[in-house]
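All heavy atoms count here, side chains included; hydrogens, waters and symmetry mates do not. Lettering of chains follows the sequences in order, A, B, ..., and the numbering in each one begins at 1.
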Amino acid sequence: MAVRVRIAPSPTGLLHIGTARTALFNWLFARHEGGEFRLRIENTDTSREVAEAVDQIQDSLRWLGLDWDGPHTFQLDRMDDCRRVADELLAAGKAYEDEGAIRFRMPEEGVTAWDDIVRGRIEYPNEKLEDVVIVRSDGRPTYNFASPMEDVWDGITHVIRGDDHIPNTPKQLNIIRAVGAEIPAYAHVPMIFGMDGKKLSKRHGADAVEEFRDAGYLPETMLNFLALLGWAPDGETTLIGRDELIQRFSLERVSSSPSQFDYQKLDWMNGVYLRELSPEEYAHRLLLWLGENGYDWDAELVTRAAPLVQEKIAKLSEFPGFAGFLFGNVEPDSADLDGGAPMLAAADAALASLEPFEATAIETALRAAADRLGLKPRQAFQPIRVAVTGSKVSPGLFESIELLGRETTLSRLRAAAGGAA
RNA sequence: GCCCCCAUCGACUAGCGGUCCAGGUCGCGGCCCUUUCAAGGCCGUAGCACGGGUUCGAAUCCCGUUGGGGGCACCA
């Protein structure tokens with residue numbers, strides 16, 4: 001039988017990174033097995049629904065490249081089917097009315113158990129199972145009823161979800177059994193914590209896919225990083241792309257212990273992917289990011305500046321900080337210019353009529369000027385850098401000057417010389 | 001309180017009884033390269049939570065302790 005899995009987020013906000021990781025595992029499993037990956041919106045609780053959430057969740061999934069099969073479905077659309085089944089359970093004495101709600105009768109003794117693909121056998125004493133409400137007094141089904149019923153109706157073969165659902169599983173198992181349906185396989189994957197060991201949340205930094213996107217991370221980074229949180233193909237692989245991921249993924253190798261989300265390692269990995277991009281692709285991503293984040297910068301200049309910064313940044317969002325001097329005015333800190341006046345004047349003289357105004361020629365001219373003043377490159381170039389870029393940290397000085405152009409360079413040199421004394 | 005789950009360097013992990021005085025990656029420290037910052041190269045730092053078993057032999061199996069997490073809603 002073909003494999004069919006699903007991700008079932010509730011539309012209460014942005015797609016949480018933990019949900020995204022669970023979606024990834026579902027997707028990888030489906031693609032590896034040649035099966036289907038479905039998207040189901042669990043909106044049984046209308047009161048908590050957020051209007052934009054359904055679109056945002058889909059955007060995030062698409063951005064990560066996690067394509068789902070068929071149209072997405074809404075849990076609420078099966079309300080009537082749930083009612084019907086509830087009535088049958090009522091008629092069969094497997095459920096009963098309680099203050100207007102309908103409760104499912106859980107077994108009183110024995111144990112409910114299943115063989116979890118990642119945890120192994122899990123057993124629950126039935127005496128601890130409460131009779132859960134399956135239909136609220138207003139007629140709407142509850143999650144613990146609707147979710148397993150939908151799994152049945154959708155022909156879900158493997159339920160892959162966060163391990164916070166383990167306590168729900170015996171309840172759902174008994175409901176599925178009561179309606180005489182086949183029980184899917186379960187795989188409970190561990191949760192993702194922040195570096196303090198607590199559930200990953202806002203206060204750790206970004207915790208939604210959309211936020212990582214805005215922060216300048218690449219989707220291929222997120223895919224790689226997330227896949228390796230709780231899963232590993234072997235002991236060495238750290239960089240792995242989507243195709244190889246699909247090829248090598250297996251639920252059996254999913255870890256049973258939770259992992260912590262290390263932003264530093266994420267940054268490192270994003271830098272790796274950023275540097276791997278061709279200059280054209282890199283510029284393209286930069287332009288895309290700038291556009292999405294409110295920077296209306298000249299595309300051609302961005303494209304020309306891109307290569308200068310490719311080696312230096314770990315996130316696309318760092319680009320404005322490094323290359324901003326090309327797109328706006330600069331305010332050097334006079335303290336950083338201390339003692340630089342002679343070199344600034346020398347640079348001015350060396351560049352005023354230099355031809356051609358290109359990086360290699362600029363370098364030759366500036367080095368010669370430094371030599372004449374008896375300055376080491378380190379001492380000579382720093383004041384120029386500060387004067388021209390407004391910062392002690394910048395892309396390559398000579399390339400930066402070429403891009404900036406003679407006119408702007410000279411005026412910044414002169415302005416700084418005035419303040420340097 | 002009750003139920004369930006988890007436990008290898010600071011972090012992500014490999015290890016499924018001997019090849020492990022525990023390997024890879026991030027981070028961290030040092031050195032090299034260098035016009036700054038990165039990147040890169042080299043070297044280094046650091047771990048099997050504890051206590052009992054089982055076994056010729058345990059990071060690997062069993063039990064307990066401790067620690068962490070999750071769940072106990074007419075939320076999902």
Under 4.0 Å, heavy atoms only, any strand: does [X] hit a base, just the sugar-phosphate, or nothing?
X: Arg253(A); answer: sugar-phosphate
X: His188(A); answer: nothing
X: Ser394(A); answer: base

Practice problem: Answer yes or no: are there more than 12 heavy-atom neighbours, outside Glu331(A) itself, under 6.0 Å from its atom CD? | Solution: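 Not more than 12 within 6.0 Å, no.
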Exercise. Please check if atom NZ in Lys202(A) has more than 12 non-hydrogen atoms from other residues, nucleotides or ligands closer than 6.0 Å.
Key: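 Yes, the 6.0 Å shell around NZ holds more than 12 heavy atoms from other groups.
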Mind checking the [atom1] distance from [N] to [M]? Whole angstroms is fine.
N: G29(B); M: C21(B); atom1: C1'; answer: 24 Å
N: C74(B); M: G64(B); atom1: P; answer: 33 Å
N: G51(B); M: A58(B); atom1: C1'; answer: 15 Å
N: G70(B); M: A38(B); atom1: P; answer: 37 Å
N: U65(B); M: C72(B); atom1: C1'; answer: 25 Å
N: A73(B); M: G15(B); atom1: P; answer: 39 Å
N: G18(B); M: G52(B); atom1: P; answer: 23 Å
N: C9(B); M: C4(B); atom1: C1'; answer: 29 Å

Output side-chain donor-acceptor pairs under 3.5 Å for residues 357-366 of chain A, partner residues at least two apart or in another chain, one line each.
residue   : atom : partner   : partner atom : Å
Glu363(A) : OE2  : Arg367(A) : NE           : 2.9
Glu363(A) : OE2  : Arg367(A) : NH2          : 2.9
Thr364(A) : OG1  : Thr360(A) : O            : 2.9

Expressed in angstrom and rounded to an integer, what is the separation of [X] atom [atom1] from [N] atom [atom2]?
X: Gln382(A); N: C37(B); atom1: CD; atom2: P; value: 8 Å
X: Tyr143(A); N: C72(B); atom1: OH; atom2: P; value: 11 Å
X: Asn144(A); N: A76(B); atom1: CG; atom2: P; value: 9 Å

Are side-chain N/O atoms of [X] and [Y] paired as donor and acceptor at under 3.5 Å?
X: Ser255(A); Y: Ser257(A); value: yes
X: Asp267(A); Y: Tyr217(A); value: yes
X: Arg119(A); Y: Ser256(A); value: no
X: Thr169(A); Y: His188(A); value: yes

Quiz item: Which letter, B, S or -, goes with each nucleotide of nucleotides 42-47 of chain B from 5' to 3', with contact meaning a protein heavy atom under 4.0 Å?
Solution: ------
Practice problem: Report yes if a donor N or O on one partner sits less than 3.5 Å from an acceptor N or O on the other, where the partners are the side chain of Asn168(A) and the base of A76(B); otherwise report no. | Solution: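 A donor-acceptor contact between them is present.
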Quiz item: Does Ser137(A) get its side chain close enough to the base of C74(B), under 3.5 Å, for a donor-acceptor pair?
Solution: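 Indeed there is one.
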Quiz item: Side chain of Asn270(A), backbone of Gly216(A): donor and acceptor closer than 3.5 Å?
Solution: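 Confirmed, Asn270(A) side chain pairs with Gly216(A) backbone.
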Quiz item: For Arg4(A), what residues pass the salt bridge (charged side-chain N to carboxylate O under 4.0 Å, His left out) criterion, not counting sequence neighbours?
Solution: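 Residues passing salt bridge (charged side-chain N to carboxylate O under 4.0 Å, His left out) with Arg4(A): Glu36(A).
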Counting only non-hydrogen atoms, which of [range] are less than 4.0 Å from RNA chain B?
range: residues 371-378 of chain A; value: Pro377(A), Arg378(A)
range: residues 261-286 of chain A; value: Asp262(A), Gln264(A), Lys265(A), Trp268(A), Arg275(A)
range: residues 232-249 of chain A; value: Ala232(A), Asp234(A), Gly235(A), Glu236(A), Thr238(A)
range: residues 310-320 of chain A; value: Glu311(A), Lys312(A)
range: residues 353-366 of chain A; value: none

Practice problem: Could you list the residues that satisfy side-chain hydrogen bond (donor to acceptor under 3.5 Å, both in side chains) with Tyr96(A), not counting sequence neighbours? | Solution: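 With neighbours one apart ignored, the set is Asp131(A).
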What is the minimum heavy-atom distance between [X] and [Y], and which atoms define it?
X: Leu228(A); Y: Pro233(A); answer: CD1-CD, 4.1 Å
X: Thr19(A); Y: Ile7(A); answer: O-CD1, 3.9 Å
X: Thr238(A); Y: Asn224(A); answer: O-ND2, 3.2 Å

Side-chain contact, heavy-atom cut-off 4.5 Å: [X] with [Y]?
X: Asp154(A); Y: Asp151(A); value: no
X: Phe212(A); Y: Tyr263(A); value: yes
X: Ile41(A); Y: Phe74(A); value: yes

Using a cut-off of under 3.5 Å, enumerate the N/O to N/O pairs linking the protein to nucleotides 2-6 of chain B.
residue : atom : partner   : partner atom : Å
C2(B)   : O2'  : Lys128(A) : NZ           : 3.0
C4(B)   : O4'  : Tyr124(A) : OH           : 3.4
C5(B)   : O3'  : Arg119(A) : NH1          : 3.4
C5(B)   : O2'  : Arg119(A) : NH1          : 2.3

Quiz item: Starting at the 5' end of RNA chain B and moving along, which residue's nearest nucleotide shows up first, Arg21(A) or Lys171(A)?
Solution: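 Looking at the nearest nucleotide for each, Arg21(A) comes out on the 5' side.
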Quiz item: Of Gly100(A) and Leu397(A), whose nearest nucleotide on RNA chain B comes first from the 5' end?
Solution: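 The 5'-side residue here is Leu397(A).
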Quiz item: Which side-chain hydrogen bond (donor to acceptor under 3.5 Å, both in side chains) pairs, counting each pair once, include a residue from residues 314-327 of chain A, with sequence neighbours left out?
Solution: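 Passing the test, one end in residues 314-327 of chain A: no pairs.
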Exercise. Answer yes or no: does a side-chain N or O of Thr12(A) lie under 4.0 Å from OP1 or OP2 of A76(B)?
Key: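 False: Thr12(A) side-chain N/O out of range (4.0 Å or more) of A76(B) OP1/OP2.
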Quiz prompt | Arg140(A) vs C74(B): side-chain N/O to OP1/OP2 distance below 4.0 Å | solution =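 Answer is no, no contact under 4.0 Å.
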Quiz item: Looking at the side chain of Ser259(A), which of U35(B), C12(B), G15(B) is the nearest nucleotide?
Solution: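 The closest nucleotide is C12(B).
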Quiz prompt | Aromatic ring proximity Trp297(A)/Phe327(A), centre distance under 6.0 Å | solution =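 Centroid separation for Trp297(A) and Phe327(A): below 6.0 Å.
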Practice problem: Mind checking ring pair (Phe, Tyr, Trp, His ring centres under 6.0 Å) for Phe325(A) and listing every partner two or more places apart, or none if nothing turns up? | Solution: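 Partners of Phe325(A) under the ring pair (Phe, Tyr, Trp, His ring centres under 6.0 Å) test: none.
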Exercise. For Phe261(A) and Phe225(A), run ring pair (Phe, Tyr, Trp, His ring centres under 6.0 Å): C-alpha distance rounded to whole Å, both residues' side-chain angles, the deciding distance at 0.1 Å, then the answer.
Key: CA-CA 9 Å; Phe261(A) 196 98; Phe225(A) 187 79; 5.0 Å; yes
Quiz item: Can you tell which of Trp27(A), Phe25(A), Phe29(A) makes a ring-ring contact (aromatic ring centres under 6.0 Å, His included) with Phe249(A)?
Solution: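 When ring-ring contact (aromatic ring centres under 6.0 Å, His included) is applied between Phe249(A) and each of Trp27(A), Phe25(A), Phe29(A), only Phe25(A) qualifies.
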